[in-house]
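Each chain gets a letter, A, B and so on, in the order its sequence line appears, and its residues count up from 1. Since we're looking at a predicted model, the values are computed, not measured. In what follows, every heavy atom counts, from backbone to side chain, and hydrogens, waters and symmetry copies are set aside.
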Amino acid sequence: MLFSEDIKAAVESLLFISPEPLSVLDISKLVNIEPKDVEQIILEIQEEYKKATHGFHLIELAGGYIFATKEKYEPFVEKLLKPQLSTLSHAALETLAIIAYKQPVTRSEIEAIRGVKVDKILTTLVEKNLIEEVGRKEGPGRPIIYGTTKDFLKYFGLKELSQLPEYHKLIEKTAQDED
Amino acid sequence: MLFSEDIKAAVESLLFISPEPLSVLDISKLVNIEPKDVEQIILEIQEEYKKATHGFHLIELAGGYIFATKEKYEPFVEKLLKPQLSTLSHAALETLAIIAYKQPVTRSEIEAIRGVKVDKILTTLVEKNLIEEVGRKEGPGRPIIYGTTKDFLKYFGLKELSQLPEYHKLIEKTAQDED
Amino acid sequence: MLNNNKYEIKLENFQGPLDLLLHLIEKNQINIYDIPIAKITDQYLSYIESIDYLDLDWASEFLVMAATLLAIKARMLLPKPPQIVEEEENDPREELVVRLLEYKHFKEAALFLQEKEREMLKVFLRKLDEGEFLKRFAPQNPVENLTVNDLFKAFKVILEKKEEPEPTYQISREEISIQECMADIMNKLTLNRKITFNDLFIDNASRLRIIVTFLALLELIRLKKVGFFQKDAFGKIIIFLRDECL
């Protein structure tokens, strides 16, 4: 093996204990090894936890890596944690979709697309930390502009925003629906 | 092997996700297998994570089992989780100075002096245990009044507030300003 | 007519007027680029009839769309002068189609997010008790790099700033009640039986006063104390005292 067992175990301990996904760069700084070596170790760890005897694995999420339970064992975990499975309303999902694709975007731009007021939904989404104010737009009233957060990526299990279906693909899909 | 890989993985997923140590009985109920089978699986998992490539292991704690990072990797974990040394911002320092010299003082009194909102800064200073709520002012809204903490004295190496530079002079001066 | 099944799908089930329109388009299997506006408008309006007027705030958005549809319908009914036919005239529906398509894309994107949400609900990340770690690792001095002198200097700077106070402007907020404005309007009307809407406002009336006066007027109209009429579309609005109040 290229890497000492210890360094690999150190990386694993960090991934195990970190409450947030750790990026290659984070790990590289913490363990003081080259990023490409971190990448190699991550691949090895991912390979290891793919084995059927493991109940969790290392997933890529929101620009980093984090251990998560395998979907398959959800019924057991649910029994243990009894999580509140509250899902987002359709209105919230539509609003999030618009922000995700059009960010940075103002409230009135979102309202123009949805055709309804979104002020309350925006407050809820900010509270849930799925979106955040990213600044103010130049111009009359200097309206707040919104963008999605890292928690947005985590909530939807996305590695990065580019994992959203491309905008033109959505168009193709809707165009097909017309036929 | 006696047990299907899946059952072992299910047990592992529970041990991974549980915030508290899980007892043999807990697991037995959750996965619906015999306690002696749980014991066998736990032994196997413990054996697996003893390997040097793993950064964490399954320890027995408070009548149950829980995954924990290996002691050896404590320095890395500490580096990751220990709150970063953060310098106080200039705004925070100014606010702290006002509280130190003018205490007990309300938020709006501080804002009147600084000319800007200080609610977030106060939260930060409370979190850092430099200031604390010392009571409420009589009058409309009964606003919270703030003062510096014992830790404040400790951090700045002071025995008492009167050791602040030119404390008496400045106190007189600000008292005059009030008139 | 749609009336039979009008209440099968309630207006509340739609995310907004565009959502309702898309539903009607799908239901009628209509080509979105060639919407039979008269038909869709009729169907849309029959949904609107079910609006609970207690929630006008929410319903107003549906009403705005109803007005838009009626406007498009009207424009399409207007006879076109024959000479313009060669030059393709702008389709009055075009803007609506663009809006519908854009909205539809985001509805698709919302479905994608919903799918991802469902997947993630089956995946669990460890939640760590950060407070526990803070206890384990000795707290650091948050002001390690600062001395009392820094604190003193910061305070002195503030005191100096305070000595040359920035000019401040007191903006007093008018306290205006609807009752007060209603009385004002009634006073004006007892002096002159008819006044124009503009007469209600003194010159330089504040925004707040204009709004409250307007609300007061609405209230008086509701109480049937005053009436109003307008001769033509942007003409003067005349307000008059109703006879029973004389």
Next item on the list: Go through the atoms of B:Pro75 and report whether side chain, backbone, both or neither lie under 4.5 Å from a heavy atom of chain A.
Entry: neither
Check: For A:Leu22, is it the side chain, the backbone, both, or neither that has a heavy atom closer than 4.5 Å to a heavy atom of chain B?
Finding: side chain
Note to self: Please identify, among B:Ala10, B:Gly55, B:Pro19, the residue contributing the most non-hydrogen atom pairs under 4.5 Å to chain A.
What the structure shows: B:Gly55
Item checked: Top of A:Val77, A:Thr69, A:Leu30, A:Ile45 for chain B proximity - count of heavy-atom pairs under 4.5 angstrom -> A:Leu30
Next item on the list: Keeping the roles fixed (side chain from B:Glu94, backbone from B:Ala91), state whether a donor-acceptor pair exists under 3.5 Å.
Entry: no
Note to self: Students often mix this up, so state it plainly: with edges at 30° and 60°, are the rings of B:Tyr49 and B:His54 parallel, tilted or perpendicular?
What the structure shows: tilted
Next item on the list: Tell me yes or no: between the side chains of B:Tyr73 and A:Asp6, is some donor less than 3.5 Å from an acceptor?
Entry: yes
Next item on the list: Tell me, out of A:Lys70, A:Glu48, A:Lys51, who's got the most heavy-atom pairs with chain B below 4.5 Å.
Entry: A:Glu48
Margin query: Side chains of A:Ser18 and A:Glu20: any donor to acceptor distance under 3.5 Å?
Written below: no
Notebook entry, point to check: Mind checking whether B:Phe16 and A:Phe56 have parallel, tilted or perpendicular rings, split at 30° and 60°?
Noted result: parallel
